[in-house]
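Read the structure below first, then the notes.
Throughout, protein chains are lettered first and strands after them, A, B, ... in sequence-line order, and every chain is numbered starting at 1.
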There are 2 protein chains.
Amino acid sequence: MSDLAAALDVVGSRWALLIVERLLEGPQRYGDLQRDLGVPTNMLATRLRELEAAGVLRRLPLHHNTRAYALTDRGLALRGAIEELARWARG
Amino acid sequence: MSDLAAALDVVGSRWALLIVERLLEGPQRYGDLQRDLGVPTNMLATRLRELEAAGVLRRLPLHHNTRAYALTDRGLALRGAIEELARWARG
DNA sequence: ACAAGGCACTTGCATTTTGCAAGTGTCTTG
DNA sequence: CAAGACACTTGCAAAATGCAAGTGCCTTGT
């Protein structure tokens, strides 16, 4: 399995990179991600679980039943790849 | 729609970036892509059609019923993004 | 105290995408 | 002129994605 295939195993599913891109701007709450990205709620829940399991992001408890999602160092390291893809789309 | 979302619309489907990565090594024939990537034949046919329509690659007729697939300039421009993703997987 | 609403999800089901296996048509080679 | 390579297509099953409604917890207003 190539390195690229390994990367796509983690961030290749629909919405994954868009979620990470949004989190590059700072920690966000579930409802914010949902509204800003227009991602179906069940998909968002699934992706956040997968990305957390993959070490890309982590939950930050805020209070009572609210929390924020923030990128780990591993997640932040995706910035280069995301910027290259966005640049390609503009190019 | 963000730039990233636009990029993923073109190369975000399964196998798309893996096909492009393989073509970065030079033009390849259908059977080679199929064997090297292990991609199902109907998916390969579909992706090649989409990527050609998107201007990422083009068909090069070789002779009789054989042809090769080669990246266009637009396809070659994906090199940076692919390398960043592969680097991320290694990192 | 109690109703109403925000928040972070889950659940059930329809639709779309992906995958497997087998088949098709054309051309070349023995 | 049979056999095989090549580049696909087709039919159907499985998995991923999407839509809409519902759940449980906590806060805020009255």
Side-chain angles (χ1 to χ4, degrees), chain A residues 1-2 4-23 25-54 56-72 75, chain B residues 1-2 4-23 25-54 56-72 75:
Chain A
M1 190 192 203
S2 72
L4 178 59
L8 293 176
D9 255 23
V10 178
V11 293
S13 53
R14 191 124 65 185
W15 298 109
L17 276 183
L18 292 168
I19 291 167
V20 172
E21 182 189 36
R22 194 71 179 72
L23 294 181
E25 298 167 24
Q28 309 283 335
R29 285 176 309 163
Y30 188 96
D32 295 334
L33 290 168
Q34 189 177 315
R35 274 182 294 276
D36 294 350
L37 298 176
V39 48
T41 177
N42 54 346
M43 282 293 96
L44 181 55
T46 300
R47 289 293 169 267
L48 290 173
R49 231 181 290 127
E50 293 167 348
L51 291 171
E52 187 187 17
V56 170
L57 54 80
R58 64 196 149 113
R59 292 176 151 85
L60 298 182
L62 296 186
H63 56 282
H64 72 290
N65 67 336
T66 66
R67 46 189 141 280
Y69 292 90
L71 294 179
T72 60
Chain B
M1 190 192 208
S2 73
L4 178 60
L8 293 176
D9 254 24
V10 178
V11 293
S13 54
R14 191 124 71 189
W15 298 109
L17 276 183
L18 291 168
I19 291 167
V20 173
E21 182 189 37
R22 194 70 179 72
L23 294 181
E25 298 167 24
Q28 309 283 335
R29 285 175 310 162
Y30 188 96
D32 294 334
L33 290 168
Q34 191 177 315
R35 274 181 294 277
D36 294 349
L37 298 177
V39 47
T41 177
N42 54 347
M43 282 291 97
L44 181 55
T46 299
R47 290 293 170 264
L48 289 173
R49 232 181 289 126
E50 294 167 348
L51 291 172
E52 187 186 18
V56 171
L57 54 81
R58 66 202 148 97
R59 291 177 152 85
L60 299 181
L62 297 185
H63 57 283
H64 72 291
N65 68 336
T66 66
R67 47 188 139 278
Y69 292 89
L71 294 178
T72 60

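Of the candidates D/dG18, C/dC9, D/dC6, D/dC6 carries the atom nearest the B/Arg29 side chain, counting heavy atoms from C-beta on. Of the candidate nucleotides D/dT17, C/dC7, C/dC9, C/dC9 has the atom nearest to the side chain of A/Tyr69. For B/Asn42, the side-chain atoms get nearest to C/dA21 when compared with the rest of D/dG18, C/dC9, C/dA21. Candidate nucleotides C/dT10, D/dC8, C/dC7 were compared by shortest atom distance to the side chain of B/Tyr30, and D/dC8 ranks first. You'll find that the side chain of A/Thr41 is closest to D/dA21, out of D/dC19, D/dA21, D/dT10.
For the pair A/Gln34 CD and C/dA8 P, the computed distance is 9 Å after rounding to whole Å. Atom P of nucleotide D/dA16 and atom CG of A/Asp9 are separated by 12 Å, given to the nearest angstrom. Rounded to whole Å, the distance from NE2 on A/His63 to C1' on D/dC26 is 9 Å. Between the CD atom of B/Gln28 and the P atom of D/dA7 there is a distance of 11 Å, given to the nearest Å. For the pair A/Met43 CE and D/dA20 P, the interatomic distance rounds to 15 Å; values are reported in whole Å. We find that CG of A/Leu48 is positioned 11 Å from P of C/dA8, with the value rounded to whole Å. One interatomic measurement links the two molecules: CG of A/Leu37 to P of D/dG18, which rounds to 12 Å at whole-angstrom precision. Protein atom CG of B/Leu44 is 15 Å distant from nucleotide atom C1' of C/dC20, rounded to whole Å.
No donor-acceptor pair closer than 3.5 Å links the side chain of A/Ser13 to the backbone N or O of A/Ala16. In this structure a side-chain-to-backbone donor-acceptor pair under 3.5 Å is present from A/Arg47 to A/Arg14.
Side-chain contact of B/Arg59 with B/Tyr69: a donor-acceptor pair under 3.5 Å is present, judged by distance alone.
Within the 4.0 Å cut-off from OP1 or OP2 of C/dT17, not a single side-chain nitrogen or oxygen of B/Arg47 is found. Dashed line: the shortest gap from a side-chain N or O of A/Trp15 to OP1 or OP2 of D/dG18 is under 4.0 Å. At least one side-chain nitrogen or oxygen of A/Arg14 sits closer than 4.0 Å to the OP1 or OP2 atom of D/dG18.
Inter-residue side-chain proximity for B/Arg35 and B/Asp32 is flagged as met; some heavy-atom pair is nearer than 4.5 Å. Using a 4.5 Å cut-off on side-chain heavy atoms (C-beta onward), A/Val39 and A/Leu18 make no contact.
Below the 3.5 angstrom threshold, one finds no donor paired with an acceptor across the side chain of B/Asn65 and the base of C/dC27.
For the pair A/Thr66 and A/Ala45, nearest-nucleotide mapping onto DNA chain C gives the more 5' position to A/Thr66.
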